[in-house]
Amino acid sequence: MLDKSAEKTAPKRSKDDDVNGQAKAVSSDIDLTSPNYYISRELSWLSFNERVLHEALDPRTPMLERLKFLAIFSNNLDEFFMVRVAGIKKQIEAQVSRRTADGRTPMEHLQAIGSKLRPTFARQQDCFLQVRTQLHEHGIYLLDYDDLSSKQVAYLQAYFEDQIFPVLTPLAVDPGHPFPYISNLSLNLAVVVREADSEETHFARIKVPRVLPRFIQLPKSQQPKGALWAAIPLEQVIGQNLAFLFPGMVIEDYYTFRITRNADLFVEEDDADDLMLALEQELRKRRLGGSLVRIELQVNTSPEVRATLLSEMDLTEDDIYDVEGLIGLGDLMKLIGLPLPELKDPDWNAVIPLPWHRINHDETDGEGDDVFSIIRRRDRLVHHPYTSFAATVQQFITQAATDPDVLTIKMTLYRTSGDSPIINALISAAENGKQVVALVELKARFDEENNINWARTLEKAGVHVVYGLLGLKTHTKVALVVRKEHDGIRRYVHIGTGNYNPKTARMYTDLGLLSCSEDLGADLTDLFNYLTGYSRQKAYRQLLIAPITLRERMLALIHQETAHGDKGRIIAKMNSLVDPGIIQALYQASQTGVSIDLIVRGVCCLTPGVKAVSENIRVISIIGRFLEHSRIFYFQNDGNEQFYIGSADWMPRNLDRRVEAVTPILAPHLRRELSNILDMCLADNRQAWEMQSDGTYVQRQPQPKEVEKSTHQCLMEQARGVKVY
């Protein structure tokens, strides 16, 4: 049973509330579509990234993990500009003035983004400088040239001549040399040189080559005393040795800068004879880069160079983000690989559940113990990274590939790893003569090229590869295995919240259902026919499928609780809550007394705690060691509880423009597992942030004498068999 403690924090009912739990009438004089009750998606995302940055600022976070969160913050921000800001700028260019649910026009959004982001961006730089200094105490030195001795400078000069100089290409800018093309996310030096015998100055650009390491490590003999690792940024080594690139010239100064371009792809699927070829053409355009959307610039850049860069790249002062320290902090992720376990989170090895342990260690008792018998005995729920992905889901696919009784394997692939055991298993299955179907989503953002390569590899092996439906991304994560058994054909299914990717399964929290339910097997058969053929299936037995039934059913489930009034209860865990229709339904449920807890990791456009609108709604966000990626939906239904898991967030794109699958969880033992996960999330006082009615977040802190309750830590301990609170 779900913990009711969260409900105790809900506002007390007034004397006008129906004590019998009947639904109060929804107030008709409150306009639930008013922008006052909706938070900007863009600003909410920036708040999420601030919570990521806080993990780098938090002294409780191990030192190298703090660098990791600085890098994640930076990489997140890069993607935000490449996609979201780029999209807003395109709307402005197209003179779009339509307001979003929060009441802003594209121009107002762009201005609000700048106002909110700049202080956070500066805070990131301050955090980096602080962490870099603290790392010295642990023997980690990321040095500046000003910190170096003459011997270290001499070593780096020799290194530059031997290893770096041959790779560089200085590009002059003058009437005979037009301003060079600057590629997306490239790090560059803007160099000012002067003729030795005059005051005439020239401008040149040098690209910091990506083929070289970003941080040049000093040999042990050149490192500070007691250092475990010491390095200097590549761009500084280049900048301090510019005389080799411009002999006979006086080096006046150099400045570091980095630009961000629009990297979103647009493919006219209706006009594309071959989607793969059309997408490859768009990828080539992406490599060249779209329009510029941001420039990160060394803070002390001279006004003349600043003006030159803005003019040549057609940018404005509003597009500049000044950087006090290192530009491109995403590269700090490279330092996480340092062999210093004492500065990282303790290693976590995913647990292999007992039934799976036996088949993964060849400890079967000869009574038909295999993946299929495990699933036949009862439905199984896997929870990564606490449960091993390799020993469960991956084992399910790899065993199906070699099992002589398996006839067919069908899977959707949205994102997978570079060296994927899942892909290899599908190839093996095809080579073993099985019918293998892989739906590869070519339009998975920033994985398009990887997926094109996998699609070609699978096709060459004899796998039937399809690319989904026109105009829709196939985001669902499902697998269907058809097996011939002594009593007939049986279908085994996996329906998950995360990708078939062994690497992300170690970092993202995701759930998956393994079952041989006849209804689910039949539903997945119908779903694959819908994806690969000309099926116009409109009804499914158990699955909620977007864009067909998911929106309608989710709204019906919310309205069902609305009808139960203050006996109603909703808990929903997801990545993002954006959809205005869903938000309005939640407001209506709150108005009738339904107690609602939302666990939303990232964007949340709903405003909680507003009197007479959302006073019965609470929102938390959990940020920590693992990326919260699972989606769980709970509806109390007057005691006849309903649980669902699936691939969809409550966003318009998931409900209307993607193929998604959400499955009910019917087995009592699995419902208890989901209930336990939700209880832990709601009780978290270490990683949880409470959303306020103004859209800000406040991190929970353990009260005096209160036990610290970290969702991730508790679930790791529970997976090991340790009893938690």
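Fair warning: this is a prediction, and the values are worked out from it, not measured in the lab.
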Inset, instruction - Report yes or no: do Q642 and Q636 form a side-chain donor-acceptor pair below 3.5 Å? - result: no
Inset, instruction - Verify the distance criterion only: is there a donor paired with an acceptor across the side chains of R631 and Y644 at less than 3.5 Å? - result: no
Inset, instruction - Ignoring hydrogens and angles, tell me if any N or O in the side chain of N432 forms a donor-acceptor pair with the backbone of S428 under 3.5 Å. - result: yes
Legend entry - R376/E485 salt bridge by N-O under 4.0 Å criterion: yes
Legend entry - Donor-acceptor contact below 3.5 Å, side chain S44 vs main chain C604: yes
Inset, instruction - Report the residues that fulfil ring-ring contact (aromatic ring centres under 6.0 Å, His included) with F633, sequence neighbours left out, ordered by chain and then residue number. - result: W650
Legend entry - Any R671 side-chain heavy atom under 4.5 Å of E641 side chain: yes
Legend entry - For the student: nearest non-hydrogen atoms of N75 and G330, plus distance: OD1-CA, 3.5 Å
Inset, instruction - Measure the spacing between CG of N529 and CG of L524 and express it to the nearest 0.5 Å. - result: 11.0 Å
Inset, instruction - Mind checking the CE-OG1 spacing from M411 to T476? Nearest 0.5 Å is all I need. - result: 11.0 Å
Legend entry - V662 vs L550 side-chain heavy atoms within contact, under 4.5 Å: yes
Inset, instruction - Taking only Lys NZ, Arg NE, NH1 and NH2, and the carboxylate oxygens of Asp or Glu, determine whether K344 and D347 approach each other closer than 4.0 Å. - result: no
Legend entry - Criterion side chain to side chain contact (heavy atoms under 4.5 Å, CB included) on Y386 and Q718, from CA distance to verdict: CA-CA 9 Å; Y386 313 106; Q718 188 175 81; over 6 Å; no
Inset, instruction - Using only heavy-atom distances, determine whether the side chains of H464 and E459 contain a donor-acceptor pair under 3.5 Å. - result: no
Inset, instruction - Evaluate the side-chain proximity of T387 to P353: yes if any heavy-atom separation is below 4.5 Å, no if none is. - result: yes
Inset, instruction - Flag the pair R551 / D656 as yes when at least one side-chain heavy-atom distance between them is below 4.5 Å, and no otherwise. - result: yes
Legend entry - CG-CD distance between D684 and Q713, expressed to the nearest 0.5 angstrom: 11.0 Å
Inset, instruction - Apply side chain to side chain contact (heavy atoms under 4.5 Å, CB included) to V600 and I620, showing your working. - result: CA-CA 6 Å; V600 186; I620 64 169; over 6 Å; no
Inset, instruction - Mind listing the closest non-hydrogen atom pair of T711 and Q687 along with its distance? - result: N-OE1, 3.6 Å
Legend entry - S630 and K573 side chains, donor-acceptor separation under 3.5 Å: yes
Inset, instruction - Indicate yes or no: at least one non-hydrogen side-chain atom of Y500 is less than 4.5 angstrom from one of I423. - result: no
Inset, instruction - Ignoring hydrogens and angles, tell me if any N or O in the side chain of W348 forms a donor-acceptor pair with the backbone of R506 under 3.5 Å. - result: no
Legend entry - Close side-chain approach of V437 to I409, heavy-atom, < 4.5 Å: no
Inset, instruction - Look at the side chain of D579 and the backbone N and O of G581, then say whether any donor-acceptor pair between them is shorter than 3.5 Å. - result: yes
Legend entry - Rounded distance [0.5 Å steps], CZ in R657 versus CE in M651: 8.5 Å
Legend entry - Closest non-hydrogen atom pair, A585 against L555: CB-CD2, 3.7 Å
Inset, instruction - Determine whether the side chains of E660 and S647 contain a donor N or O and an acceptor N or O closer than 3.5 Å. - result: yes
Legend entry - Distance (rounded to the nearest 0.5 Å) between L674 CG and L513 CG: 9.5 Å
Inset, instruction - Mark yes or no for whether K410, through its side chain, and T408, through its backbone, hold a donor-acceptor pair below 3.5 Å. - result: no
Legend entry - Expected output: side-chain E717 to main-chain V722 donor-acceptor under 3.5 Å: no
Inset, instruction - Decide yes or no on side chain to side chain contact (heavy atoms under 4.5 Å, CB included) for L627 and T509, but give the supporting numbers first. - result: CA-CA 6 Å; L627 180 78; T509 71; over 6 Å; no
Inset, instruction - State, yes or no, whether a side-chain contact exists between D403 and F372 at a heavy-atom distance under 4.5 Å. - result: yes
Legend entry - Residue pair H712 / E628, side-chain heavy-atom distance below 4.5 Å: yes
Legend entry - Under 3.5 Å donor-acceptor, R569 side chain and N637 backbone: no
Inset, instruction - Assess the side chains of H384 and D510: does a donor N or O sit below 3.5 Å from an acceptor N or O? - result: no
Inset, instruction - Looking only at non-hydrogen atoms, find the nearest pair between I495 and I645 and report the distance. - result: O-CD1, 4.1 Å
Inset, instruction - Check G462 against A430 and note the closest heavy-atom contact, atom names and distance. - result: C-CB, 4.1 Å
Inset, instruction - Answer yes or no: does atom CD of E518 have more than 12 heavy-atom neighbours from other residues, nucleotides or ligands under 6.0 Å? - result: no
Legend entry - Donor-acceptor pair between T474 and R658 side chains, under 3.5 angstrom: no
Legend entry - For A391 against S388, the heavy-atom pair lying closest together: N-OG, 3.0 Å
Inset, instruction - Report yes or no: does H629 contribute a side-chain atom to a donor-acceptor pair with the main-chain N or O of M574 at less than 3.5 Å? - result: no
Inset, instruction - State, without any angle test, whether D523 and Q542 hold a side-chain donor-acceptor pair at a distance under 3.5 Å. - result: no
Legend entry - From CG (D405) to CZ (R490), nearest 0.5 Å: 12.0 Å
Inset, instruction - Quick one: do L381 and L511 satisfy side chain to side chain contact (heavy atoms under 4.5 Å, CB included)? Show the steps, please. - result: CA-CA 7 Å; L381 197 67; L511 289 159; 4.1 Å; yes
